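Working notes for the structure below.
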Amino acid sequence: MKIATWNVNSVRIRLSHIEKLAIQAKPDIICLQETKVVNNDFPFKYIKDLGYKYIELHGEKSYNGVAILSKIMPESSFSVNFVNDKDRRHVAIKLYNGLEIHNFYIPAGGEIPDPLMNQKFKHKLSFFDEVTDWFKTNRSEKDKIILLGDLNVAPLEHDVWSHKQLLKEVSHTPIEVEKMEALQKSLNWHDTIRRFTPESEKLYSWWSYRNHDWRKSDRGRRLDHIWATPAIENKVKAGYILREMRGLETPSDHAPVILEIDIPE
DNA sequence: ATGGTTGGTGCCCAA
């Protein structure tokens, strides 16, 4: 199986980009974040014509929104509204082979990394706490689960272009990394992408629109992740980032991340 | 220290 995650920053304006991913990488399942559209206005026909007959949505107007596009029929799907608010940031599917996939769009957290001064940062930290509790309460590390999406934290020194310059920047502050590590410990999740690129090597999935030449300045961050429980860790065959998709015409600021895993459908 | 760009919206917000 091949599974992709991609923050597309509006699904309706990125249809040709999704088509390119579908044709070139041929994922069985594509998880999207920041679809920015209510369920009724989702471009169903275009996506189904690409071969993704099964579409699970948790969308909202203008902001956030997640989707799972699948060639394989899911057994069931569900969404959780973490931090008890209206944000649509999670959707999950369970397949007939027992594999469960959780697609997340974790809050970005605003500009100021202080939960007392900045409600958005507080929201982000609480979101991590609730997701951690949810997995501890409802799932076990013996379950076959993939957790993926735009987690909006670059945890490792070489997940950002300058560790030193970003220590006080939201996405790379010690408190956020601590929250992410607590989530990682909840089910002993494995970072499937870093297994294939040594921690000493720079690896990014996002480059700001605010750099004139993203390729030249290369001031990226690894905000998008794919994790697996220990139960399926040994089935993982490959994990990588499709950097070239950041260089398409009118691109998303994120690149897709791909997992190849040896689990029969 | 500041500003830089994009998307969806509606007389700016969020990233």
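Fair warning: this is a prediction, and the values are worked out from it, not measured in the lab.
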Most 5' of A:W206 and A:Y209 on DNA chain B, judged by nearest nucleotide = A:Y209
B:dA15 and B:dT9, which share atom name C1', separated by this distance in whole Å | 15 Å
Counting side-chain heavy atoms from C-beta on, which of B:dG10, B:dG7, B:dA14 comes nearest to A:K120?
-> B:dA14
Given atom NZ of A:K86 and atom P of B:dC13, what is their separation to the nearest angstrom?
-> 14 Å
Per side-chain hydrogen bond (donor to acceptor under 3.5 Å, both in side chains), A:N9 is matched among A:K36, A:Q33, A:H17 by A:K36
Flag, side chain of A:S205 to backbone of A:A255, donor-acceptor distance under 3.5 Å = no
Starting at the 5' end of DNA chain B, which residue's closest nucleotide do you reach first, A:Y105 or A:K61?
-> A:K61
Pairwise P distance, B:dG3 and B:dG7 [rounded to whole Å] = 22 Å
Minimum-distance nucleotide to A:R89 side chain [options: B:dT9, B:dT5, B:dA15] = B:dA15
Can you tell me how far C1' of B:dA14 sits from CD of A:E60, to the nearest Å?
-> 11 Å
From CD of A:E111 across to P of B:dA15 the rounded distance in Å is 10 Å
Between A:H212 and B:dT5, does any side-chain N or O lie under 4.0 Å from OP1 or OP2?
-> yes
Check every strand shown and say whether A:R14 touches a base, only sugar-phosphate, or nothing at a heavy-atom separation below 4.0 Å.
-> sugar-phosphate
Expressed in angstrom and rounded to an integer, what is the separation of A:N211 atom CG from B:dG3 atom C1'?
-> 11 Å
Please state how far atom NE2 in A:H254 lies from atom C1' in B:dT5, giving the value in whole angstrom units.
-> 13 Å
Single-linkage hydrophobic cluster, 4.5 Å side-chain cutoff, A:L95 and A:L259 together = yes
Could you work out which one of B:dG4, B:dT9, B:dG7 sits closest to the side chain of A:K36?
-> B:dG7
Rounded to the Å, how far apart are A:N9 CG and B:dT9 C1'?
-> 14 Å
Within this structure, what is the CH2-to-C1' distance between A:W207 and B:dG4, rounded to whole angstrom?
-> 19 Å
Integer-rounded Å distance: B:dC13 P and A:Q119 CD = 17 Å
Ignoring the backbone of A:S62, work out which of B:dA15, B:dT9, B:dG7 is nearest its side chain.
-> B:dT9
Under 30°, 30 to 60°, or over 60°: which ring-plane class applies to A:H102 and A:F78, parallel, tilted or perpendicular?
-> perpendicular
What interatomic distance, in whole Å, is found between C1' of B:dA14 and the corresponding atom of B:dA1?
-> 22 Å
How would you list, by chain and number, every residue that makes a ring pair (Phe, Tyr, Trp, His ring centres under 6.0 Å) with A:Y63, sequence neighbours excluded?
-> none
